[in-house]
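Encoded as structure tokens, the structure appears first; notes follow it.
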Amino acid sequence: MKTVYTCFCTDVIHEGHLNIIEEAHKRGKVVVGALSDQALIRYNKFPTISQDERIRLYASLDGVDEVVVQEEMMYDDVIARLHPDYVVHGDNWKEGPEAAIRAHLLELLESYGGQLVDVPYTYNEAVRKIDLQLREKLAMPEYRRKRLRQLITMTPIVKAMEAHSGLTGLIVEKTVVDHEGKLDQFDAMWVSSLCDSTAKGKPDIELVDMTSRFRTIDDIMEVTTKPIIFDGDTGGLTEHFVYTVRSLERMGVSAVIIEDKKGLKKNSLFGTEVAQTQASIEEFSAKIAAGKKAQLTDDFMIIARIESLILERGMDDALARAAAFTVAGADGIMIHSRKKDPAEILEFCDRFRQTDRTTPIVVVPSSFNTVTEEELAEHGVNIVIYANQLTRSAFPAMQKTAEDILRFHRAKEVDDRLLPIKQIITLIDEL
Ligand code: SPV
Ligand code: MG
């Protein structure tokens, strides 16, 4: 009896999957791999049911003889374990980022004479509808809101990228790279006060009001499914912050980060070059506690951002605040620095982790950008935020195009650095 292997990464079975099982069954004993949660999240297929539920679902299908877990997106482990005579897969993976997985599988199979069977991919109205429904489900507030907490437990470090519009949201949602034998993508979005304000041509001083900030969130939510971390600046007056918490929670935002400053807030990357006042531990703890009291779900997170290193008040002050804000109810600590060297951030993380092994740590390596995600994770960081790089890359590109059109009195000279017209009109999917 030959062994036939196929890997599933779905929460819903449609006729395409049944077709694959049928093709597999013709060739021998059918072993279905359930792709693990950890691998699914790198695949933009965030699970809406648990790994155990997926295993039970696949095992219940006619023609399936055995279900195993495929831990990694690449097939190395399952192939070594099972040595299947055949691997069956829909032929849609010949194109796009998944082609790298297919190419690697072919090498593995070749080493012992296994065969790949590419079954014509079933794509019809019913399948399209199921795909769409799954996506819509992930975009619903109750699914999106809890996704950040889930990700923290599922991946060594959650990677968030700045978004300030529907378009940048789509970039964070959809960008996938095939790098070092793995697919990779961002896990979450950061609605930065700096970039949201900059996109509106305003300074980052809490001038863009909450109604406008919520509008940005809504634009992003309309076209994405990934969780959102909202930059709540100082949180404003405690009496106002409690309403902000309720609104964000209702919208399906996963977390708000508020910083321990008061009065006129300026961007942290100014450091001590401008006057900025840090709130006392007592004042800020009271704001966190009020926010936690206002919160209605267990999913939402209020993360306390500590500005002691930015304002040069020292490591001990930062650590004392982290401990106090956690006691006040903060669900995470963000520590910020504007030094180029990551040393003070890593020292903070190490010392914080000596007494607190669980409270999530968030960092924003805009200045200390030599540090890698792996190093941060080794020091106990749970979330890394790339806070402004999309805005900062778009601005010089747009400015140069504007200058060159003025210089040449026509647009021909800039044309070869532009997105082709055909692509810009088809960039956004229609329903
Ligand atoms: C933001 O992105 O708005 C932030 C991070 O708050 S920073 O600009 O570094 O202060
Ligand atoms: Mg900000």
Side-chain angles (χ1 to χ4, degrees), residues 158-165 168-169 171-172 186 188-210 212-214 216-217 220 227-236 241 244 248 253-279 284 287 301-313 318 321 330 332-342 344-345 348 361-371 376 381 383-395:
V158 175
K159 298 183 288 204
M161 168 56 97
E162 173 254 313
H164 58 266
S165 59
T168 46
I171 289 177
V172 185
F186 292 105
M189 294 174 279
W190 163 245
V191 181
S192 149
S193 67
L194 174 64
C195 299
D196 201 1
S197 306
T198 302
K200 294 174 169 71
K202 298 269 174 69
D204 181 18
I205 53 171
E206 296 188 272
L207 176 64
V208 178
D209 66 26
M210 276 300 162
S212 172
R213 304 281 321 273
F214 290 169
T216 304
I217 294 176
I220 295 169
I228 291 180
I229 306 170
F230 181 68
D231 178 358
D233 290 317
T234 65
F241 179 57
T244 305
L248 292 171
V253 169
S254 303
V256 62
I257 301 188
I258 52 169
E259 58 196 274
D260 59 353
K261 290 206 292 240
K262 64 179 183 180
L264 180 64
K265 185 221 82 147
K266 298 269 177 78
N267 185 274
S268 298
L269 301 174
F270 282 121
T272 52
E273 291 160 25
V274 294
Q276 307 206 56
T277 316
Q278 204 170 16
F284 199 65
K287 195 182 284 187
M301 299 173 78
I302 298 179
I303 298 173
R305 162 171 169 176
I306 295 165
E307 294 284 290
S308 306
L309 303 180
I310 292 283
L311 300 173
E312 297 175 12
R313 297 282 156 76
R321 283 169 177 268
I333 294 295
M334 173 183 152
I335 183 68
H336 207 16
S337 162
R338 63 177 196 134
K339 297 239 164 81
K340 276 209 147 308
D341 185 342
E344 67 175 10
I345 286 287
F348 174 92
I361 304 178
V362 184
V363 300
V364 179
S366 301
S367 304
F368 48 100
N369 58 13
T370 52
V371 71
L376 291 171
V381 173
I383 302 179
V384 57
I385 297 177
Y386 298 98
N388 49 45
Q389 286 78 6
L390 291 187
T391 296
R392 285 165 60 207
S393 57
F395 186 85

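Indexing begins at 1, ligand by ligand and atom by atom, following the structure's order.
- With respect to atom 2 (O) of ligand 1, the closest heavy atom belonging to the protein is Ser192 OG, 2.8 Å.
- Here Asp231 has side-chain heavy atoms under 4.0 Å from ligand 1, and that is the only part of it that gets that close.
- Side chain of Arg213 to backbone of Gly232: no donor-acceptor contact under 3.5 angstrom is found.
- Distance check for Ser192 against the Mg ion (ligand 2): none of its N/O/S atoms falls below 2.8 Å.
- Lys339 has no carboxylate O lying under 4.0 Å from a charged side-chain N of Glu312, or vice versa, which leaves the two without a salt bridge.
- Looking at every heavy atom in both residues, Ala188 comes nearest to Val158 through CB-CG1, 4.4 Å.
- Using 4.0 Å as the threshold, His336 has a heavy atom nearer than that to some atom of ligand 1.
- Note on ligand 1: Asn267 sits in its first shell, one or more heavy atoms being nearer than 4.0 Å.
- In summary, the atoms of ligand 1 found under 4.0 Å from a heavy atom of Leu269, numbered by their order in the structure, are 8 (O), 9 (O).
- When heavy-atom distances to ligand 1 are checked against a 4.0 Å cut-off, Arg305 comes that close only through its side chain, counted from C-beta outward.
- Crowding of Lys200 atom NZ: a count of heavy atoms from other residues, nucleotides or ligands under 6.0 Å exceeding 12.
- Shown in contact with Leu194 at under 4.0 Å from a heavy atom are these atoms of ligand 1, numbered in order with element: 1 (C), 3 (O), 8 (O).
- Here Asp231 reaches the Mg ion (ligand 2): one of its N/O/S atoms is less than 2.8 Å from the metal.
- For ligand 1, the atoms closer than 4.0 angstrom to any heavy atom of Ala387 are 2 (O).
- Arg321 and Asp260 are joined by a salt bridge, as a carboxylate oxygen and a charged side-chain nitrogen come within less than 4.0 angstrom of each other.
- The residues Glu206 and Lys265 are annotated as not salt-bridged, no charged nitrogen and carboxylate oxygen being separated by less than 4.0 angstrom.
- A 4.5 Å side-chain heavy-atom check between His336 and Val363 finds every atom pair outside the cut-off.
- Under the 4.5 Å side-chain criterion, counting only non-hydrogen atoms from C-beta, Ile217 is in contact with Phe230.
- Of all atoms in ligand 1, numbered sequentially from 1 with element shown, those under 4.0 Å from a heavy atom of Ser268 are 10 (O).
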